[in-house]
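Below, all heavy atoms of this structure are taken into account, side chains as well, without hydrogens, waters or symmetry copies. The model shown is predicted, which means the values in this text are computed figures rather than measured ones.
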Amino acid sequence: IGFWLLLLGNGVQSHRQDKKHQSLPRDQPYRTGYHFQPPKNWMNGPMYYKGVYHLFYQYNPYAAVWGNITWAHSISYDLVNWINLDIALSPGDPFDINGCWSGSTTFLSGEKPVILYTGSDTMNRQVQNLAEPKNLSDPLLREWVKSSHNPLMSPVDGIDPKNFRDPTTAWQGPDGLWRVLVGNEMDGHGRALLYRSQDFITWSQSKEPIHSSTRTGMWECPDFYPVSIDGKNGVETSSLDKFTKQVLKASFDNSDHYVLGNYTAVTDNFLVDTDFLDNGSDLRYDYGNFYASKTFFDSGKKRRILWGWILESDNTTDDVKKGWSGLQSIPRTILLSKTGKQLIQWPLKEIEKQRIIKVSFENKELKGGSVLEVSGITASQADVEVSFSLSNLKEAELMDPSLVDPKLLCSQKTASVRSNVGPFGILVLASKDLTEQTAIFFRVFRSKDNYVVLMCSDQSRSSVEEGPQKTIYGAFIDIDPLNEKISLRSLIDHSIVESFGGEGRACITARVYPKLAIDNQAYLYAFNNGTLDVNIPTLNAWSMKNAQIVSSTKRRKPNLN
């Protein structure tokens, strides 16, 4: 429910930038160097206020497992380096005694930030609550006060009290009323309930949800925001600009799915282009390990930023042993594609400041069945950008029209399965002898009218250990390989690989736990296991220095009695 990070409270080292920027404790080979991981435990509503970025996250002060959920609080000036502050919200009142769960931040008139969050009350019902800053003159917003009016929204009129959570950022309509969505499930179907308010205190439920689906279950962590049709900037949540599309995101089936549509603010009518899972449609933020995400509008740089929770793929015993669980994706900018049919994501520009040592080459021919080492960087903590160009596409394998599931197709045709055009891509977090490897690669198929590009992230050989999950992920990318290069960018950080195909048209995130390919024993390769040659016009790779994550004060443990 919401972003989450779980880190055991005692003895966890913060990342500190020094000359040995890639060194991590030997007993912590999977802790990341430049992704956000707080010193203690679980994730929620980001915002930008008076030059400061705020990240609130669900947090268990006591263990690397779910429970005792509070809202922790960290701040940043660049979305890369972070300062941990004291806990913002702790359970303790009748309306949240069993946990302060996920929610969002909203700016009221006068640029006053507030928090709407789900509380689990004395009867374990999910209710929606309000919190406000104690001191607006403090740009760090270190103290928050819960409203005396809580709970603002309760599960009445047949709403399931166990499936009523995760309020969105609110927006204001042309009538001056505030609107907010709350995730819900009714009769096994996902819904986004719509509420309206004049004063942000008294809320009334709309007769109809803003949208629902018979094809999905519970909608967790809904998000609802506009994107510009032809612009390069993000759009503020309450914008009434007519040159926008509206995005509705819902988290279900362990993925973050979204639909695009047209929203009429006067009537609160949302008409989708293609509904969730309709006619083979499967629009997702990320086709890998990425869930319970949240966007916010960065008013300072006029952009919309997306964050997601990346859970572990090992087991609870391993989490407790290493003392932490979960981390945060690299923040991504989010825009509408030129076709208007999907969203485009790209890592935040600021992350490029972490690049240090660089290696590059141009116009390398990858013969069929060849592997090319990319040496000279720290391959366990790196940023890689590579492009591929192809010829002889007429020899591409014919696409089986029954194979419509890219994940299944990637599982059947792993990196070791040869075809004419592909697999080709990169091997990351690989051991010297390739016993361990995580392959991010492409295949090109020929269909009746065009070519189909498949992107895969193959974790089947990511570790010699038997315990971790080694799920294989896949996505089709809207690319015409006849007229454009196939590009890939991968952010590699010890136990996470975030990959962006086709300049952000498809994203796949994976967690991996190599036993051999750790720290300076990790290697990076470009490869082509197809029968036809592939050209690499450009490849650039950088070592990445550590982000700084420090505490301004010693965190206090909340009173959960």
Original post:
Could you go step by step and tell me if Ser457 and Gln459 meet the side-chain hydrogen bond (donor to acceptor under 3.5 Å, both in side chains) rule?
Top reply: CA-CA 6 Å; Ser457 184; Gln459 286 70 243; 2.6 Å; yes
**OP:** Any chance you could lay out the side-chain hydrogen bond (donor to acceptor under 3.5 Å, both in side chains) test for Ser460 and Thr414, step after step, and finish with the verdict?
**Re:** CA-CA 8 Å; Ser460 62; Thr414 63; 5.4 Å; no
More than 12 non-hydrogen atoms from neighbouring residues, nucleotides or ligands closer than 6.0 Å to [atom1] on [X], yes or no?
X      : atom1 : value
Glu503 : CD    : no
Lys470 : NZ    : yes
Lys364 : NZ    : no
Lys50  : NZ    : yes

Can [X] and [Y] be counted as having a side-chain donor-acceptor contact under 3.5 angstrom?
X      : Y      : value
Ser360 : Glu362 : no
Asn420 : Glu395 : no
Glu312 : Tyr513 : yes
Tyr225 : Thr169 : no
Asp253 : Ser255 : no
Asn289 : Thr509 : no
Asp519 : Ser380 : no
Ser462 : Thr438 : no
Arg304 : Thr333 : no
Ser490 : Ser499 : yes
Gln381 : His494 : yes
Asn528 : Ser370 : no
Ser104 : Lys294 : yes

Are side-chain heavy atoms of [X] and [Y] found at a separation under 4.5 Å?
X      : Y      : value
Thr538 : Val386 : no
Tyr34  : Gln548 : no
Ser329 : Phe290 : yes
Glu436 : Val464 : yes
Arg443 : Cys456 : no
Lys407 : Thr471 : yes
Ile344 : Ile334 : no
Thr274 : Leu260 : no

Is there a donor-acceptor contact under 3.5 Å from the side chain of [X] to the main chain of [Y]?
X      : Y      : answer
Arg446 : Ala396 : yes
Asp298 : Ile305 : no
Lys358 : Ile377 : no
Glu498 : Ile330 : yes
Asn529 : Gly369 : no

Original post:
Centroid-to-centroid, Phe388 to Phe424, below 6.0 Å?
Top reply: yes
[X] and [Y] ion-paired at < 4.0 Å:
X      : Y      : answer
Lys432 : Glu373 : yes
Lys413 : Glu397 : yes
Asp286 : Arg332 : yes
Arg505 : Glu484 : yes
Glu350 : Arg303 : yes
Lys338 : Asp230 : no

**OP:** Indicate the ring-plane relationship of Tyr53 and Phe296, choosing parallel, tilted or perpendicular according to the 30° and 60° boundaries.
**Re:** perpendicular
Original post:
Using 30° and 60° as the class limits, which term best fits the ring planes of His54 and Phe56: parallel, tilted or perpendicular?
Top reply: parallel
Looking at every non-hydrogen atom in both residues, tell me the closest pair between [X] and [Y] and how far apart they are.
X      : Y      : result
Asn233 : Ser228 : O-CB, 4.0 Å
Ser487 : Phe442 : O-CZ, 3.6 Å
Pro46  : Thr105 : O-OG1, 3.1 Å
Asp458 : Phe441 : CB-CE2, 3.8 Å
Glu385 : Trp346 : OE2-CZ2, 4.0 Å
Ala379 : Leu524 : CB-N, 3.8 Å

**OP:** Using the side-chain hydrogen bond (donor to acceptor under 3.5 Å, both in side chains) rule, take Gln437 and Tyr525 through it: C-alpha gap first, then chi angles, then the decisive distance, then the call.
**Re:** CA-CA 10 Å; Gln437 57 178 259; Tyr525 300 90; over 6 Å; no
Original post:
Is there a ring-ring contact (aromatic ring centres under 6.0 Å, His included) between Tyr285 and Tyr258 once you walk through the steps?
Top reply: CA-CA 7 Å; Tyr285 283 163; Tyr258 70 90; 5.7 Å; yes
Original post:
Rounded to the nearest 0.5 Å, how far does OG of Ser293 lie from CD of Glu220?
Top reply: 11.5 Å
Original post:
About how many Å separate CG of Leu482 and OG of Ser389, when rounded to the nearest 0.5 Å?
Top reply: 12.0 Å
**OP:** Verify ring-ring contact (aromatic ring centres under 6.0 Å, His included) between Phe36 and Trp82, making sure each step is shown before the conclusion.
**Re:** CA-CA 8 Å; Phe36 178 80; Trp82 293 88; 5.2 Å; yes
Original post:
Can you check side-chain contact (heavy atoms from CB on, under 4.5 Å) on Leu409 and Phe476, steps first, answer last?
Top reply: CA-CA 10 Å; Leu409 189 54; Phe476 293 119; 4.1 Å; yes
**OP:** Test Asp383 against every option in Lys545, Arg355, Lys353 by the salt bridge (Lys or Arg N to Asp or Glu O under 4.0 Å) rule and name the one that passes.
**Re:** Arg355
**OP:** Kindly indicate, with the supporting measurements, whether the criterion ring-ring contact (aromatic ring centres under 6.0 Å, His included) is fulfilled by Tyr48 and Phe297.
**Re:** CA-CA 8 Å; Tyr48 177 78; Phe297 179 66; 9.4 Å; no
**OP:** Run the numbers on Thr168 and Asp223 for side-chain hydrogen bond (donor to acceptor under 3.5 Å, both in side chains), then give the verdict.
**Re:** CA-CA 6 Å; Thr168 64; Asp223 206 357; over 6 Å; no
